[in-house]
Amino acid sequence: MAELSDRMRELVQPHLRGIEPYDPNFTPTKINLSANENTYPLPSGVRERLDAALAATTLNRYPDPMSNSLRDELARRHGVARENICVGNGGDELLFNLLFAFGGCGRTMLTCTPAFSEYQFFADLTQTSVLDIPRDPVTFEVDAARVLAAAPSCDVVVLTSPNNPTGNLIDPALTREVCRVCPGVVLLDEAYMEFADASASALGLLDECSNLVVLRTLSKAFGAAGVRCGYVVAASDIIDAFAAIRQIYSVNVLTQAAALEMVKQRERFSSTVATICLERDRMYAALSEDPRVTVWSSAANFLLVRMANASTVRRRLRDEFSILVRDFSAVAGLEGCLRITVGTPQENDAVLAALDSLLREE
Ligand SMILES: *Cc1c(COP(=O)(O)O)cnc(C)c1O
């Protein structure tokens, strides 16, 4: 990736001098399993209703800043009130806003790596210090004792359940304890929670944990990564803080209309989600029988797989089979690891066959 020019390094704020423009120089492939998107077609009937909703959307007026119709439908989904929800332009915007509001100079965010790289990125942008308590190098479970010991001096705790890229869940009992000892806010990033057992969600703790923030997105289970819609669920005064600092029109009218229609039709997505979970378990079973790879069980729509020559395997999957997966082998603790999104049965069969033939050669 390109660095900033010397001139720009002089002009930007000192703490931003090291950042690089993000342009992933994307290679189109036939099978893209690199970003944990839902690769299935929309459930039948959903696309038609979505198109009708988009066609009926007025474009010359500014959007409703707070996405209230969408908030009401999301509130129905989770059994909370509109006042407990703030919608964002993707979950990523809300992660940035969380650190903008509650982090900053002289403040500390606790994370447990390996984790979603955006946490560190947004901490850097907002000059928030990061306290990393690494996960177990073998199981990737969080070190609960160390997290609980450190949380009392943290302003923001970010836990991910299921975790990206390792697939582990956080026990809600641990979340409750962290909320109890942390004087700041505790974010549970549940971007992949639809693929896990419903009892794993921290949403049920919102009544007793007034500093808990749960993040959800339409990018994964709903197959709407391009729509850019995520939301947080939290106590109403936390939502007020999110509402006070957000870019007021960040969630555009087309996003609001599309998201509203999808959330209304949420029941229709359940069979795709169930199929993805079955496919995940089938892939896991196949890969765990293979002595050439290590695979971790996952509660999400992806699997983390370790092998020899992972970077070469990833490159050859792309160049010889037109299959794109994510290479994590340069990340501390993830040496030799690739992350493979669970796709359709045909895509998954292609991955298993391609991996088998490459692993014979590598
Ligand atoms: C995908 C993802 C998100 C949110 O993604 P958006 O597309 O911005 O909604 C948040 N956290 C994790 C861990 C993710 O993998």
Side-chain angles (χ1 to χ4, degrees), residues 65-68 70-88 91-104 106-112 115-116 119 122-123 126 128-131 133 142 144-163 169-194 196 198-217 230-246:
M66 285 303 285
S67 306
N68 280 321
L70 177 57
R71 282 170 99 196
D72 287 343
E73 195 60 34
L74 291 167
R76 270 193 286 280
R77 177 183 188 206
H78 297 299
V80 297
R82 167 197 284 195
E83 289 71 26
N84 299 118
I85 292 182
C86 183
V87 180
D92 284 5
E93 181 187 45
L94 296 161
L95 289 171
F96 177 82
N97 288 354
L98 176 92
L99 287 168
F100 187 65
F102 301 106
R107 303 263 182 111
T108 302
M109 169 184 83
L110 188 162
T111 56
C112 302
F116 191 39
Y119 308 146
F122 295 145
T126 57
T128 309
S129 305
V130 176
L131 175 64
I133 300 185
V142 298
R146 282 191 65 199
V147 169
L148 287 170
S153 55
C154 291
D155 304 282
V156 179
V157 174
V158 177
L159 297 171
T160 320
S161 181
N163 188 46
L169 291 166
I170 302 281
D171 185 341
L174 174 61
T175 301
R176 180 193 286 117
E177 282 305 291
V178 174
C179 288
R180 196 172 56 77
V181 299
C182 177
V185 295
V186 177
L187 179 91
L188 255 284
D189 183 338
E190 296 192 343
Y192 300 95
M193 190 50 85
E194 288 88 349
S199 64
S201 173
L203 281 169
L205 298 172
L206 282 166
D207 283 339
E208 54 179 307
C209 302
S210 62
N211 57 343
L212 174 64
V213 180
V214 178
L215 178 74
R216 292 293 188 98
T217 177
Y231 59 97
V232 284
V233 192
S236 61
D237 61 340
I238 295 183
I239 296 302
D240 286 344
F242 273 94
I245 55 112
R246 61 186 295 277

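Residue indices begin at 1 and follow the sequence shown.
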So do the side chains of L187 and F102 get within less than 4.5 Å of each other, counting heavy atoms only? no
Step-by-step side-chain hydrogen bond (donor to acceptor under 3.5 Å, both in side chains) determination, R77 to Y231: CA-CA 12 Å; R77 177 183 188 206; Y231 59 97; 2.9 Å; yes
For the atom pair CG (D92) and CG (L215), what is the distance rounded to the nearest 0.5 Å? 8.5 Å
Is it true that a side-chain atom of S153 and a backbone atom of A150 form a donor plus acceptor pair closer than 3.5 Å? yes
Whether R71 side chain and R82 backbone form a donor-acceptor pair below 3.5 Å: yes
Is D155 reaching over with its side chain to a backbone N or O of V185, donor-acceptor style, under 3.5 angstrom? no
Using a 4.5 Å cut-off on heavy atoms from C-beta on, say whether the side chain of I170 contacts that of V142. yes
Tell me, with the steps shown, if S161 and E190 meet side-chain hydrogen bond (donor to acceptor under 3.5 Å, both in side chains). CA-CA 5 Å; S161 181; E190 296 192 343; 5.4 Å; no
Taking all heavy atoms of I239 and all of A234, pick out the closest pair and write down the distance. CG1-O, 3.7 Å
Side chains of T175 and C209: closer than 4.5 Å at any heavy-atom pair? no
Given side chain to side chain contact (heavy atoms under 4.5 Å, CB included), test M109 with V158 step by step and report yes or no. CA-CA 7 Å; M109 169 184 83; V158 177; 3.9 Å; yes
Rounded to the nearest 0.5 Å, what separation is found between the CG atom of L159 and the CG atom of D171? 11.5 Å
Any side-chain heavy atom of V147 sitting closer than 4.5 Å to one from V178? yes
Hey, could you give me the CG/SG distance between L110 and C182, rounded to the nearest 0.5 Å? 8.0 Å
Inter-residue atom distance E194.CD - T217.OG1, 0.5 Å rounding: 8.5 Å
Taking all heavy atoms of N84 and all of S236, pick out the closest pair and write down the distance. ND2-N, 3.7 Å
Do the side chain of R146 and the main chain of I133 share a donor and acceptor less than 3.5 angstrom apart? no
Please lay out, stage by stage, how D189 and Y119 fare under the test side-chain hydrogen bond (donor to acceptor under 3.5 Å, both in side chains). CA-CA 11 Å; D189 183 338; Y119 308 146; 2.7 Å; yes
Between C86 and A243, what is the shortest heavy-atom contact and its length? SG-N, 4.5 Å
Provide the closest heavy-atom pair for L94 versus G88 in the form atom of the first, atom of the second, distance. CD1-N, 3.7 Å
Steps toward side chain to side chain contact (heavy atoms under 4.5 Å, CB included) verdict (V130, T111): CA-CA 7 Å; V130 176; T111 56; 3.8 Å; yes
For residues P162 and A196, report the shortest heavy-atom separation together with the two atoms involved. CG-CB, 4.3 Å
Closest heavy-atom pair, V157 versus A151, reported as atoms and distance to 0.1 Å, is CG2-CB, 4.3 Å
What class does the angle between the rings of F100 and F96 fall in, given that below 30° is parallel, 30 to 60° is tilted and above 60° is perpendicular? parallel
Should N97 and L95 count as side-chain neighbours, where that means a heavy-atom distance under 4.5 Å? no
Check the pair C154 / L131 against side chain to side chain contact (heavy atoms under 4.5 Å, CB included), numbers first and verdict last. CA-CA 8 Å; C154 291; L131 175 64; 4.1 Å; yes
Main-chain N/O of T108 paired to S129 side chain as donor or acceptor, under 3.5 Å: no
Any side-chain heavy atom of R216 within less than 4.5 Å of one from L203? yes
How far does CG of L169 sit from CG of N163, to the nearest 0.5 angstrom? 9.5 Å
Between CE of M66 and CD1 of I85, what distance do you get to the nearest 0.5 Å? 10.0 Å
